[in-house]
Amino acid sequence: MSTPLEQWVDSVARLTRPAKIMWCSGSEEEAARIQEQMIREGHTVPLNDKTYPNCHLHRSDPSDVARTEKVTFICTRDRENAGPTNNWMAPADAKNTLTPLFDGSMKGRTMYVIPYIMGPSASPQSRIGVELTDSAYVVANMRIMSRMGNVALARLGNSDDFVPGLHSLGDLSPDRRFIAHFPEEKLIWSIGSGYGGNALLGKKCFALRIASWMAHEQGWMAEHMLILGLEAPSGKVTYMAAAFPSACGKTNLAMMVSALENEGYRVWTIGDDISWMQIGPDGYLHAINPEAGFFGVAPGTNEKTNPNVMAALRKNTIFTNTALTTRNEPWWEGMDHNPPADMLDWQGRPWSSSSGPAAQANSRYTVPAVQTPSISPRWEDPGGVPISAFILGGRRARLAPLVYEATSWQHGVYIAATMASETTAATTGAVGVTRRDPMAMLPFCGYNMADYFGHWLEMGRNIPHPPKIFHVNWFRKGDDGKFLWPGYGENVRVLKWMLERIEGHAAATETPIGIVPTPDALTLDGLSVTRKTMEELLSVDPAAWTKEHADVGTFFQGFGERLPAELRDEHRRLGERLRRVPTGSK
Ligand code: OXD
Ligand code: MN
């Protein structure tokens, strides 16, 4: 009798017709064979054996360098369950469209069977997925990003309790590229892309889109959040989870080297992208990092912005679409100020300073989490870590103060649901478009976002000790267009204030938008931020917030009747609080 997994593998093989099927064990010997296969295929080169041992550079198809939200679909039977923020296809239509693309798509290739665990192997909060793929690059990445191979098979046994994910490179044509999720069946089909988020199905597809649906059904949370531990001088570690839209420095915050290390404050990394949380026996929300590695953006990463990851990625790392130096080392913009001479760019062409960026803007490193010097001793704790704070943020040049705290869980859900980030037009310095990105989950929520807000509200009612909710903005600018806050390791000063709020002794004042530190409440020793700058960083401009309030009103209309009444109430109350502020006051 074959197992449910074997039956599924057989049925996919009948459709995709690979020359060979290989079940991945996760062994070292297998990893070496996969690397050899990648090199033979011609898009991967080994890097300098002395300075980057066991590292490789992979060049993807130039048309396939990022997640493609336009062709990412949530395929629920009822369109309303996908909601207004997702692309939708009926499940039958999606299968009718994609089946012919998968038909014979693996001919002459190997189909790899990758059983994997998302989360620590021994954690009851972890879940199993199986990815079938014809890409050796996917196998090599999944080996870093998840607990893959026999460990997952052993945990699965004969059970059918796994999320199947079918992936094929197809012909890599953008016209025949689809990333389809069937949340009701907990199934993923992805074709036509070999790039990270489209092809490593454990990450965004399973751990966020499908998992958010499961979490809604089962009473837990799957969030686009880093997880960190802030150690205080007493040695006590307080855990926080933080959601930011892409390009707001999540990985850097998760691995921050604290500017207050001499005073005994230090940051430990649990995860940099995704958090799965459920209510623990102690009444706290307990978080695990479902991933085992970091798939981070390379450009801008350097010894100042993230020394921990720079140390981590000197071995066993896959670089994707970076430049290559004559020393056979990876290079990207922002790594240092001196682009080495005679590099090859990310497409393997000779590079000169007039030929544009050497590394692709979304070039990546895939590195085992355990190699990061800041990795927490509890990063694989089967019980997860208790979360005391949620941190939300975005880039707001003028509006949001450096930090503010929600007055209640419900108010925090409103803040999270209305989160936004701005793009800046570099040439003019003008503030560009504001993009709302609730909970930083806009591209990753596997169901109707209005119901997802409802789920957050419901969780708040069920968690005996809910995390405090904060909003931060590291990106506020002064009239001269310069950042007011130094950021990076200095952000620990803001985390310290949060810790003191959690412990109940930090100074703060109430404003219409929430609770803001008094200008002297943050520890600023050793930092040349003046009191005036601090006041500016913490100021709340009622006129600007009144405009923001109106914009949120328009955004909320998009959810129609399904938007929870609690959020309408919070919205109305914010309007009332703003109207009560005397005009002209700041
Ligand atoms: C990521 C993203 O790649 O959020 O993590 O885009
Ligand atoms: Mn992400």
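Values below: all heavy atoms of this structure, side chains included; hydrogens, waters and symmetry mates excluded. As the structure is a prediction and not an experimental result, all values here were calculated from the model. As the structure lists them, so they are numbered: ligands from 1, and atoms in each ligand from 1.
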What is the nearest protein non-hydrogen atom to atom 6 (O) of ligand 1, stated with its residue, atom name and distance? Arg67 NH2, 2.7 Å
Students often mix this up, so state it plainly: with edges at 30° and 60°, are the rings of Trp409 and Phe390 parallel, tilted or perpendicular? tilted
Within less than 4.0 angstrom of ligand 1, does Lys204 place any heavy atom? yes
Under 2.8 Å from the Mn ion (ligand 2) - does any N, O or S atom of Ile274 fall there? no
Return the orientation label for the Tyr137 and His58 ring planes: parallel under 30°, perpendicular over 60°, tilted otherwise. parallel
So, Asn308 versus Thr372: side-chain donor-acceptor pair below 3.5 Å or not? no
What do we get for Arg364 next to ligand 1 when only non-hydrogen atoms under 4.0 Å count, side chain, backbone, both or neither? side chain
Go through ligand 1 atom by atom and flag the ones less than 4.0 Å from a non-hydrogen atom of Asp273. 5 (O)
Do any N or O atoms from the side chain of Gln371 and from the backbone of Lys315 form a donor-acceptor pair under 3.5 angstrom? yes
Backbone N/O of Glu69 and side chain of Asn87: donor-acceptor pair under 3.5 Å: yes
With a 4.0 Å heavy-atom cut-off (strictly under), which part of Tyr195 contacts ligand 1: side chain, backbone, both or neither? neither
Could you tell me whether ligand 1 has any atom less than 4.0 Å away from a heavy atom of Phe444? yes
Ring geometry between Trp276 and Phe206 (parallel below 30°, tilted from 30 to 60°, perpendicular above 60°): tilted
Any idea how Phe444 and His224 line up, ring-wise: parallel (<30°), tilted (30 to 60°), or perpendicular (>60°)? perpendicular
Mutual orientation of the aromatic rings belonging to Trp351 and Trp331 [parallel < 30°, tilted 30-60°, perpendicular > 60°]: tilted
Any N/O pair Lys203/ligand 1 closer than 3.5 Å: no
Nearest N/O/S atom of Asp273 with respect to the Mn ion (ligand 2), by atom name, please. OD1
For Ser246, atoms of ligand 1 separated by under 4.0 Å from a heavy atom: 2 (C), 4 (O), 6 (O)
Report, in ascending order of atom number, the atoms of ligand 1 lying under 4.0 Å from any heavy atom of His224. 4 (O)
